[in-house]
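Just below is one structure, and these are the notes that go with it.
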Amino acid sequence: MPVTVVIGAQWGDEGKAKVIDLLSKEHAYVVRYQGGHNAGHTVVVDGEKYALQLVPSGILYRHVTPVIGNGVVVDMPTLFNEVDMLESRGNSCADLKVSTRAHLIFPWHQSHDAISEAMRGDDKLGTTLRGIGPAYADKMRRVGIRAGDARDPERFARLIRERATVENKLISEAGGDELDVEEMVELYSTYGARLVPYLSDTISLLHNALADDAHILLEGAQATFLDLDHGTYPYVTSSNPTAGGASVGSGLGPRDLSRIVGITKAYTTRVGAGPFVTELFDDDGKMLAEVGHEFGTVTGRARRCGWLDCVMLRHAVRLNSLTELSLTKLDILDGFDTVKICTGYTLNGEPVIDYPDQYDVLERIEPVYEELPGWKTPINEMREPGDLPAEAKAFIAVVEREVGIRVNVVGVGAERDDYLIWETT
Ligand code: GDP
Ligand code: IMO
Ligand code: MG
């Protein structure tokens, strides 16, 4: 299994980092392929929390070479803060590779993100305001500045000055605060110089590693239903977290991807605006939020909570060719008398089979639930499938039946070792 991809199967924060941490043991490279510092990936090791935004989660293992692929948008201040944080905690980032083709985020991207959210008035997307959308828009418009440009400091400074000058006009026309161009040129030139030693032709690096039989893990950020093409547009992010994006954003060919793991919580959460069929506004929703500590890693915003939606997961299997599913945070359901799983959708009383292609249709969908008895037992200490209460096993069996693929691991707590291997049962 040389190349494994880990992809969020819902709206993000599924616990991808914890599964990546677990899979990192058997992989030599861990590669981010899209997104930027809108991601918040948490790994808890012996009570110590690592919340990573840009550096691949595999960094916590010495044998892993962490790679930021061509599909990522890189905010240099965040990257270096993270490198400093990791190194101060004893995790060397000396092997970190950043693709020369990755695009850079600049302060004007953040200004545009804020302006465009403000202009939407009450209809905000609820972005992370990190400048992600505007940075990808510049990439598409072919005016972006790439990490590799930092190798030529004079040209790099010129590019920053040119772009900053143009962007300043747009920002001031939109009523925003102009940026100090020369200050930005100076600061970002310093960052650029610091970036150079990390730069790499990551595509050749990864293909050469494959030729040497190295195992590579591709770390998705965001998730299937935040995908620019396949998510609930316009309430999406500006990249492609789905499996096709893993290929484009790493430079590995589609046939190189051998194992594609979808990550889902045992329930559903979403941060920011957009349709959410199984969203709960009652005490059950409150209990999921409280017990699950559902507050965003990046922005601290409360995550919206609801029951597990297998219609979404079936669509995620199609879009990503998922080979297996990791079911995280099953322990959060420990206290419920009964738990629900959405197995189908209806619209105006008629069943809906395919995942709706318009967000306004999704807003009118009614979920069809299967209600199961809860287990009312803490499962946090359980490490063998056989230890789980019968009701928890039944829950997993319904997920497998409804989604049509096997569950490989089940998360029973936030700590690195809080999981059990399910797939052999
Ligand atoms: P990611 O963005 O998909 O990597 O997920 P986040 O790190 O943003 O959010 C997942 C949260 O759930 C983090 O705080 C994790 O520490 C935590 N977590 C992951 N798996 C489990 C689990 O099985 N049980 C519990 N209780 N917490 C988990
Ligand atoms: P991880 O990798 C959850 C959401 C934002 C907003 C929308 C667009 O930790 O799962 P953006 O700033 O990307 O333009 O915002 O996407 N969003 C996430 N939600 N987890 C994430 O990342 C997210 N990254 C972006 O809340 O609704
Ligand atoms: Mg997250």
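Everything numeric here is computed off the predicted structure, so don't read it as measured data. For ligands, and for the atoms within them, numbers begin at 1 and follow the listed sequence.
Contact annotation: Gly126 has at least one heavy atom less than 4.0 Å from an atom of ligand 2. The shell of residues lying under 4.0 angstrom from ligand 2, judged by heavy atoms, includes Gly40. Residue contact check for ligand 2: Asp113 places no non-hydrogen atom closer than 4.0 Å to it. Look at Arg303 and you'll find every heavy atom at least 4.0 Å from all atoms of ligand 2. In this structure, Arg303 counts as a contact residue of ligand 1, since one of its heavy atoms falls inside 4.0 Å of the ligand. For Gly8, the closest heavy-atom approach to ligand 1 does not fall below 4.0 Å. Heavy-atom distances between Tyr235 and ligand 2 stay at or above 4.0 Å for every pair.
The nearest pair of heavy atoms linking Asn240 to Tyr33 is O-CE1, 4.0 Å. The minimum heavy-atom distance between Ser326 and Val19, with the atom names listed, is OG-CG1, 3.8 Å.
More than 12 heavy atoms of other residues, nucleotides or ligands lie within 6.0 Å of CZ in Arg304, so this atom counts as buried by the packing criterion. The environment of Arg383 atom CZ is dense: over 12 non-hydrogen atoms of other residues, nucleotides or ligands sit within 6.0 angstrom. More than 12 heavy-atom neighbours from other residues, nucleotides or ligands sit within 6.0 angstrom of CG on Asp282.
In terms of polar-atom proximity, Ser238 is not counted as a contact of ligand 2, lacking any N or O under 3.5 Å from an N or O of the ligand. Not a single N or O atom of Ile332, backbone or side chain, sits closer than 3.5 Å to an N or O atom of ligand 1. Of the N or O atoms in Lys16, one or more lie within a sub-3.5 Å distance of an N or O in ligand 2. An N or O contact shorter than 3.5 Å links Val271 to ligand 2 by distance. Considering both main-chain and side-chain atoms, Arg130 never comes within under 3.5 Å of ligand 2 through any nitrogen or oxygen pair. For Thr127, no nitrogen or oxygen atom sits less than 3.5 Å from a nitrogen or oxygen atom of ligand 2, counting backbone and side chain alike. Remark: ligand 1 and Val44 share no N or O pair separated by less than 3.5 Å (distance only, no angle test).
The protein heavy-atom contact nearest to atom 4 (C) of ligand 2 is Leu226 CD1, 4.0 Å. Protein heavy atom at the shortest distance from atom 26 (O) of ligand 2 is Arg301 NH2, 3.0 Å. The protein heavy-atom contact nearest to atom 22 (C) of ligand 1 is Gly413 O, 3.0 Å. With hydrogens left out, the protein atom closest to atom 19 (C) of ligand 1 is Lys18 CD, 3.9 Å, a heavy atom. Protein heavy atom nearest atom 26 (N) of ligand 1, with residue, atom name and distance: Asp331 OD2, 2.7 Å. The protein non-hydrogen atom at the shortest distance from atom 11 (C) of ligand 1 is Lys329 NZ, 3.9 Å.
With sequence neighbours left out, the salt bridge (Lys or Arg N to Asp or Glu O under 4.0 Å) criterion links Glu26 to Arg259.
Aromatic pair Phe336/Trp375: centroids not less than 6.0 angstrom apart. When ring centroids are compared, Phe225 and Tyr355 come within the 6.0 Å threshold. A centroid separation of less than 6.0 Å is found between the aromatic rings of Tyr235 and Tyr359.
Contacts between Lys16 and ligand 1 below 4.0 angstrom, taking non-hydrogen atoms only, involve backbone and side chain alike. By the criterion of a heavy-atom distance under 4.0 Å, both the backbone and the side chain of Asp13 are placed next to ligand 1. Under 4.0 angstrom from ligand 1, there are no non-hydrogen atoms of Gln10.
A cation-pi arrangement, defined by a distance under 6.0 Å to the six-membered ring centre and an angle within 45 degrees of its axis, is present between Arg89 and Tyr50. The side-chain tip of Arg416 points at the ring of Tyr61 from less than 6.0 angstrom away and within 45° of straight on.
In this structure, a donor-acceptor pair under 3.5 Å is present between the side chains of Thr264 and Gln10. Looking only at atom types and distance, the side chain of Asn380 has no donor-acceptor partner in the side chain of Asp331 under 3.5 Å away.
With atom 12 (O) of ligand 2 as the reference point, the heavy atom nearest to it among Thr232, Ile132, Thr128 is part of Thr128. Among Leu125, Val73, Val236, the residue whose heavy atom lies nearest to atom 8 (C) of ligand 2 is Val236.
Gly40 lies close to the Mg ion (ligand 3), since one of its N, O or S atoms is found at a distance under 2.8 Å.
Of all the atoms in ligand 1, the ones that sit under 4.0 Å from a non-hydrogen atom of Val412 are 23 (O).
Classification of Glu294 and Lys286 as a salt-bridged pair fails, no side-chain N sitting under 4.0 Å from a carboxylate O. A salt bridge does not link Glu370 to Lys340: none of the charged nitrogens lies less than 4.0 Å from a carboxylate oxygen.
The aromatic rings of His27 and His215 lie tilted to each other, with the angle between the two planes from 30° to 60°.
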